[in-house]
Amino acid sequence: MKKIILLPLILLLLTGCIKYQELNNMAIITTIGIDKKENIYQVTLKETIPKKEENKVSSEYKYYKGQGNTIKKAIKDASNNSSKDIYLKQVQNFLITNPKYCKEIPKSFKNKIVLFQVKNLDKVLTTNSNYKYLNNLAKDKTKTLKDCRKKGEKKIPFIKVYKEELLIKN
Amino acid sequence: MKAFLKELEKKFSLSGDYIFKKIKYGRNTIYLVFNEVLTSSDYVNDFILKRLTRLDKKHLTDLMNYLPDANMKEIKKEEVCDYIHKGYIIILAKEIIAIEAKAKLDRGVSAVESELSIKGPKDAFCENFNTNLGLVRRRIKSHHLIAERTEIGRSTKTSIGILYMNDIIDQNLLKQVTEKLTMIDIDGIIDATYLRENLEAHKTFFPTITSTERPDKVSMALLEGKIAIMVDMSPYVLILPTFLIDYFHTVDDYYQKPINISFIRIIRLLAFLMAIFTPAFYLAVTTHNFDFIPLDLLLSLKAQRESVPFPALIEAMIMSISFEVLRESDIRMSSTTGSAVSILGGLILGDAAVSAGIISPIMIIVIAISAISGLVFPSIELVSAIRWWRFIMMILATTLGLWGILFGTIVLFTHLYKLNSLGKPYLYPFLPFNKKEQVDALIKINNRGTKYRNPLLTTNRKRGHFR
């Protein structure tokens, strides 16, 4: 019995609260926009802040900007601008201005995200379009998405958007 | 005899409920000593005093034959005190005679209160040892049903009955129980649960002895080869050994269609797991393992937590503890004020706490699910065990996330595996696994599955068949 009490105590005291985060203190990033200016990556993290209203949840958005030589560094830089802990594991889509940047996207993102190529990045990002809307757009191109995954390609499903107006939700 | 009477008078002089009565027959006198509250005055007046006063002088020397009574004994001087306290009338003549004249000081057989069943008998044990024994004897009409009687408690001298079926019982088990009971040397046994301390070998939150108020449950247990311990003045009878699976069974399982019972038993198991793990899982998911849940759900959880000022663990603790307080007050309150408690609790915990922004609605759902799941089990001991493990899991989940829950689960199951009740493994028939016993463990295919007794309990395994 002593051991049973002691073991969790040791575990708790020695480990503390690893990775402990309160949901309130967390910035859930859903979309990342990537641009490159003068060989430096300009990254914008789009945080979705859910707001509870009567019977439904609506969203507000917040943006964090950062720059760096690589996308990774740029994201880190952007994270430093936030007072909250940046949570990147649920990023749903990337908006990039040039398909070349694809290769630079950290591997940890490459599982389920969808990539959009856009020209006017800031405009698309700052509209109220949420990740769901963007993903729904991608669903029209499910064939390409599915094919990519079936073949086991590590390539990120990539969707070229010709009409940017489409991405902007009314 | 007069010296002895003086001695008795001195002993009882301080309390007013002992009665000394003198009846003269010419030169001879007999004395009656009894306790007013323990004896029935009707019985004393009608049957004993009347007969004594009409008694002929010459029969005085032969009272045993002229005062016939089923429960009439000649006793020794040392036994007089005991018999008076048992509700006997003591006649001090040439010899000392004790006649039973017990007053009815109990409430009689009433309906089951805590272990309700839909079908099945509704009678429950009461505080009277003889009534309780009768309720079992009426169900098992066999001379194999043995009720060994002992007395424990220096002051209370409580009758303890060890009940078992002579042709089924494993003598080794019986020896263990009697040995453990003889070790008890205490001034008082007020309730059957006092014996728990001695009969339970482990320091654990989980109960390794069942206590029940249902005579049919006791009869079932006896026929399976278990031992029941009956304590005078206690409406609960202890059954041992007990396995964990026994808490997932109710007597109703044997009064209804077996196929429906399997479903209910699986629900009970789910409830057991949910009662322990739901808050912990919620805490793990909202403080550590965010990638474990879909984004939509995560956002909706975040929206609910946004206005809450406390960390998730504190929030969960506030809710759990206020629930426990509510439950405790509901138990202790009389039923007239009980409704006030439930209104207050329901309103404050359910609605006001949310609209005040102290507690998130989802936390109320989580705590309510786990609390309700815990209440599936009528055994308060198991519910307490579940409560402890719920708190342990909650703390582990906030510190280590899902890994903490995994760790806690491993500890919980090794702990359960280590437990035994009178040397019988607690997790039987799952660990050690017995394939044949599965027919009436978690799932129940048909009533014929109960043809055989548990091989751990007895060597006399065959019970017979229905068809």
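Residue numbering restarts at 1 for every chain, and letters A, B, ... go by the order of the sequence lines.
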task: Tell me, out of B:Val308, B:Thr414, B:Thr204, B:Leu298, who's got the most heavy-atom pairs with chain A below 4.5 Å.
output: B:Leu298
Distance, nearest 0.5 Å, that separates CD of B:Glu306 from NZ of A:Lys51: 4.5 Å
task: Please say whether more than 12 non-hydrogen atoms of neighbouring residues, nucleotides or ligands are located less than 6.0 Å from CZ in B:Phe391.
output: yes
message: Is it the case that over 12 heavy atoms from other parts of the model lie below 6.0 angstrom from the NZ atom of A:Lys36?
response: yes
- request: Any chance you could measure B:Thr399, atom OG1, to A:Tyr20, atom OH, to the nearest 0.5 Å?
  value: 10.0 Å
field: Non-hydrogen atoms of B:Pro294 and A:Gln90 that approach each other most closely
entry: C-NE2, 4.2 Å
query: What part of B:Pro361 gets closer than 4.5 Å to chain A, counting heavy atoms only: side chain, backbone, both or neither?
result: side chain
query: Can you name the side-chain contact (heavy atoms from CB on, under 4.5 Å) partners of B:Ala284, sequence neighbours left out?
result: B:Asn289, B:Ala397, B:Leu402, B:Ile405
- request: Could I get the full list of side-chain hydrogen bond (donor to acceptor under 3.5 Å, both in side chains) partners for B:Ser300, not counting sequence neighbours?
  value: none
- line: Okay, B:Leu412 and chain A: the region with an atom under 4.5 Å from a heavy atom over there is neither
message: Counting only heavy atoms from other residues, nucleotides and ligands, does the tally under 6.0 Å from NZ of A:Lys84 exceed 12?
response: yes
query: Taking only heavy atoms into account, what residues of residues 22-30 of chain A are found under 4.5 Å from chain B?
result: A:Glu22, A:Leu23, A:Asn24, A:Met26, A:Ile28, A:Thr30
field: Donor-acceptor pair, side chain of A:Tyr87 and main chain of B:Asp291, under 3.5 angstrom
entry: yes
Under the side-chain contact (heavy atoms from CB on, under 4.5 Å) test, residues paired with B:Leu270 that sit two or more places apart: none
Proximity breakdown for B:Ile392 and chain A, heavy-atom pairs closer than 4.5 Å: neither
